[in-house]
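Beneath this line is the structure, given in structure tokens, with notes to follow.
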Amino acid sequence: MLDLKYIRANMEAVRTALGNRGQAALLAGFEELESTRRTLLAEVEDLRRQRNEVSGTIATMKREGQDASGLMEDMKAVSSKIKDLETGLHEKEATLNDLLMRVPNIPHESVPVGKDEHDNVEVKKNGVPTVFNYEPSAHWTIGEGLGILDFERAARITGSRFPLYLGDGALMERALINFMLNTHTLKHGYKEVLPPFMVNKKTMTGTGQLPKFEEDLFKIEGWEYYLIPTAEVPVTNIHADEILDEEDLPIYYTAFTPCFRSEAGSHGKDTRGLIRQHQFNKVEMVKFSHPDTSYDELEGMLQNAETILQELDLPYRVLNLCTGDMGFSAAKTYDLEVWMPEQGVYREISSCSNCEDFQARRANIRFKSKGKKGATHVHTLNGSGLAVGRTLAAILENYQQPDGSVVIPEVLRPFMGGREVIEK
RNA sequence: GGAGAGAUGGCCGAGUCGGCUGAAGGCGCUCGCCUGCUAAGCGAGUAUGGGGGUUACACUCCAUCAUGGGUUCGAAUCCCAUUCUCUCCGCCA
């Protein structure tokens, strides 16, 4: 959520920023709404002040044994007037709040202006696309060939877009999770957390999934609970409604969770394989940062994600997402894309964002400096480190061999009984 | 699921028969004093959000004692609903 005062003071800048995101019309009617709201508020407050004063007088009179029935009668009218005005005020406030909750974050100045994914800017390329002297197979072909992935049976159990890992597939998924978590906790200084996989409405609103993107979520019938689409949601909300100590910042958390996404609107996209699933595993990084250093923290987080890809020796590139392609809550986002040999393209495997105070304002996460009055919103950052299913897919494709076997990346071998290859 | 207890400021904790209680007291924190160091001591200050106001302060008003309603001239205090926490019983991985 943007700061109401900021919007008021910087209307044109906000309009431009929203325009760059392709949402120019979002704030139509804002100014009128806000000014009537303020007029109403002033009226209500004035009446309340009157009532407070006179109620004090009544108290004194009664104490002194005087008759205050006249004043009480007057105040009865005032109170009912207040109630009427308040009804109108609450309506305006609700409308305004709803509008505000649907306005995306303002892009950072270093974000390229652009319309869609074609305008993203590649900032780095690491490794070279794996070379094959034959036509490389898709990871689902390899996985099904080895008997470690079974999409048909998964569909029977649940439906399309669910994974079933078997044997070494399940083992490698688990190895990846352990490898990623170990790297982030032991080498990068993150604290491991294991959060709930279902969250309530308030939590979903705190990070920005609600109210605007309900159709992307799985909701539990009969409950106001949702399955998390990413660990960012529960982990960022760990400190909701808290005031942190400045010296505790930055705080680093990493979490492994499954993620659940309805993938509404992606019918026909990536229908095969592990790329686009209703349920997938992810290791997430979350930071709570001092506003002054959040962009350094973003660079650090990006490196933490890159480290995983480097250690796995997978070719990848880094994109600076343009204004039109960024997520709702982000002020700046780097995407990491891994090389997928069968399709011959780079595919997103991580997304690292600085949300600045956008989520912190929604979730009410602040910090206090020693000796200073007041509390300031922290900056929140989140990034995948990495999407596990897609990582496994990338390994299958990049490490495949002509005979259908797959070499196990060296860093994973300690987690897989020291073995070097998965074969039938 | 059954029975009960509770939810107050950064934290702990008091709030009598509804009326200067935005809220005692303590801790913590900040500033100052004092003590040749440390500890202790003394004094003052210290919630959040919003409106108005100011170059910025000052100042001023409103709201907030889990949340939402209600009663009342007036509610942290009374009533109702909801949520959460805790204790006991039952059930269960």
Side-chain angles (χ1 to χ4, degrees), chain A residues 1-10 30-101 194-206 210 220 222-226 234 237-249 251 288 290 357-358 360-378:
Chain A
M1 181 162 61
L2 302 180
D3 182 17
L4 187 59
K5 277 191 253 179
Y6 176 85
I7 299 179
R8 239 160 31 207
N10 302 279
F30 167 84
E31 278 151 309
E32 198 197 327
L33 189 61
E34 167 63 358
S35 92
T36 39
R37 188 201 125 239
R38 279 207 279 174
T39 310
L40 270 168
L41 182 64
E43 282 181 58
V44 168
E45 286 193 347
D46 189 55
L47 288 174
R48 286 205 279 233
R49 182 184 51 74
Q50 265 183 53
R51 186 179 64 186
N52 288 345
E53 278 173 17
V54 177
S55 288
T57 311
I58 293 172
T60 315
M61 287 172 75
K62 286 199 139 184
R63 212 175 299 127
E64 292 168 358
Q66 300 177 47
D67 175 36
S69 55
L71 286 180
M72 282 165 67
E73 205 53 41
D74 292 349
M75 286 308 103
K76 197 166 201 161
V78 171
S79 273
S80 101
K81 181 83 198 284
I82 289 175
K83 200 156 283 178
D84 286 351
L85 288 174
E86 274 176 344
T87 308
L89 179 64
H90 289 155
E91 257 169 53
K92 293 289 171 200
E93 280 173 344
T95 312
L96 186 69
N97 192 50
D98 190 62
L99 178 65
L100 237 41
M101 288 305 246
L194 183 57
F197 302 159
M198 287 184 209
V199 301
N200 59 31
K201 206 165 206 164
K202 177 173 179 286
T203 298
M204 277 296 184
T205 307
L210 290 178
I220 307 300
W223 297 71
E224 284 297 297
Y225 292 166
Y226 299 82
N237 279 283
I238 285 175
H239 294 299
D241 296 316
E242 287 185 23
I243 297 177
L244 305 165
D245 281 336
E246 184 176 30
E247 56 247 53
D248 292 337
L249 300 177
I251 297 172
F288 299 83
H290 193 288
D357 62 5
F358 186 85
R361 186 170 293 111
R362 288 173 163 249
N364 193 25
I365 310 168
R366 294 168 298 170
F367 72 93
K368 201 175 162 140
S369 317
K370 250 193 161 65
K372 261 203 220 159
K373 273 192 75 170
T376 313
H377 291 110
V378 300

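Side-chain atoms are counted along with the backbone in the values below, which use heavy atoms only and exclude waters and symmetry mates.
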Q: Return the minimal non-hydrogen interatomic distance between A/Val44 and A/Leu89, and the atom names on each side.
A: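 It is CG2-CD2, 4.4 Å.
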
Q) What heavy-atom pair brings A/Arg362 and A/Thr205 nearest, and what distance separates the two atoms? A)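 A/Arg362 and A/Thr205 have their closest heavy atoms at NH1-O, 2.7 Å.
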
Q.
Is it true that, when you exclude A/Met61 itself, more than 12 heavy atoms of the residues, nucleotides or ligands shown sit nearer than 6.0 Å to its CE?
A.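 Counting neighbours around CE of A/Met61, more than 12 heavy atoms of other residues, nucleotides or ligands fall under 6.0 Å, so yes.
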
(Q) Could you check whether atom CZ of A/Phe197 has more than 12 heavy atoms from other residues, nucleotides or ligands sitting under 6.0 Å from it? (A)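 Enclosed.
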
Send over the distance from [X] [atom1] to [N] [atom2], rounded to a whole Å.
X	N	atom1	atom2	value
A/Glu64	B/C20	CD	P	15 Å
A/Glu224	B/C84	CD	P	12 Å
A/Asp241	B/A47	CG	C1'	15 Å
A/Leu40	B/G52	CG	C1'	16 Å
A/Leu96	B/G51	CG	P	11 Å
A/Ile365	B/U48	CD1	P	18 Å
A/Asp248	B/G28	CG	C1'	15 Å
A/Phe367	B/C29	CZ	C1'	17 Å

Q: Tell me whether the OP1 or OP2 atom of B/G50 has a side-chain N or O from A/Arg37 closer than 4.0 Å.
A: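 Checking B/G50 against A/Arg37, no side-chain N or O comes under 4.0 Å of OP1 or OP2.
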
Q. In what stems does RNA chain B take part, counting only runs of at least 3 consecutive Watson-Crick or G-U pairs whose two distances fall under 3.5 Å?
A.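 Output for stems: B:1-7 with B:83-89, B:10-12 with B:25-27, B:28-33 with B:41-46, B:47-52 with B:59-64, B:66-70 with B:78-82.
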
Q | Contacts of type ring pair (Phe, Tyr, Trp, His ring centres under 6.0 Å), residue A/His239, not counting sequence neighbours | A |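 Per chain and number, A/His239 pairs via ring pair (Phe, Tyr, Trp, His ring centres under 6.0 Å) with A/Tyr253, A/Phe288.
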
Q: Just jot down the ring pair (Phe, Tyr, Trp, His ring centres under 6.0 Å) partners of A/Phe30, sequence neighbours excluded, or say none.
A: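 Residues passing ring pair (Phe, Tyr, Trp, His ring centres under 6.0 Å) with A/Phe30: none at all.
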
Kindly give the atom pairs (protein nitrogen or oxygen, nucleotide nitrogen or oxygen) under 3.5 Å for nucleotides 7-12 of chain B.
none

Distance between [atom1] atoms of [N] and [M] (Å, rounded):
N	M	atom1	result
B/G9	B/U48	P	13 Å
B/G90	B/G22	C1'	45 Å
B/C62	B/G45	C1'	25 Å
B/A23	B/A47	C1'	11 Å
B/C84	B/U8	C1'	16 Å
B/G13	B/G19	C1'	24 Å
B/G26	B/A14	C1'	11 Å
B/A5	B/G10	P	29 Å

Q. Reckon A/Lys5 touches a base, only the sugar-phosphate, or nothing at all at heavy-atom distances under 4.0 Å?
A.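 Here A/Lys5 touches the backbone only, sparing every base.
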
Q: Check whether any side-chain heavy atom of A/Glu93 sits under 4.5 Å from a side-chain heavy atom of A/His90, and report yes or no.
A: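 Heavy-atom side-chain distance check passes, below 4.5 Å.
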
Q. Less than 4.5 Å apart, any side-chain heavy atom of A/Val199 and any of A/Met204?
A.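 Yes; the side chains approach each other to less than 4.5 Å.
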
(Q) Check whether A/Asn237 reaches the backbone of A/Thr203 with its side chain - one donor and one acceptor, N or O, closer than 3.5 Å. (A)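 The answer is yes, because a donor-acceptor pair under 3.5 Å joins these two groups.
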
**Q.** Flag, side chain of A/Asn10 to backbone of A/Tyr6, donor-acceptor distance under 3.5 Å
**A.**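 Such a contact is found between A/Asn10 side chain and A/Tyr6 backbone.
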
Q: Check salt bridge (charged side-chain N to carboxylate O under 4.0 Å, His left out) between A/Arg48 and all other residues, then give those that pass, not counting sequence neighbours.
A: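 Listed in chain order: A/Glu86.
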
**Q.** Chi angles and distances behind the salt bridge (charged side-chain N to carboxylate O under 4.0 Å, His left out) call for A/Lys81, A/Asp84
**A.** CA-CA 5 Å; A/Lys81 181 83 198 284; A/Asp84 286 351; over 6 Å; no

Q) Given A/Glu34 and A/Arg37, is the salt bridge (charged side-chain N to carboxylate O under 4.0 Å, His left out) satisfied, shown in steps? A) CA-CA 5 Å; A/Glu34 167 63 358; A/Arg37 188 201 125 239; 2.6 Å; yes

Q: Mark up nucleotides 55-80 of chain B, 5' to 3', with B wherever a protein heavy atom is under 4.0 angstrom from a base atom, S wherever such an atom reaches only the sugar-phosphate, and - elsewhere.
A: ------SBS-------S-BS------

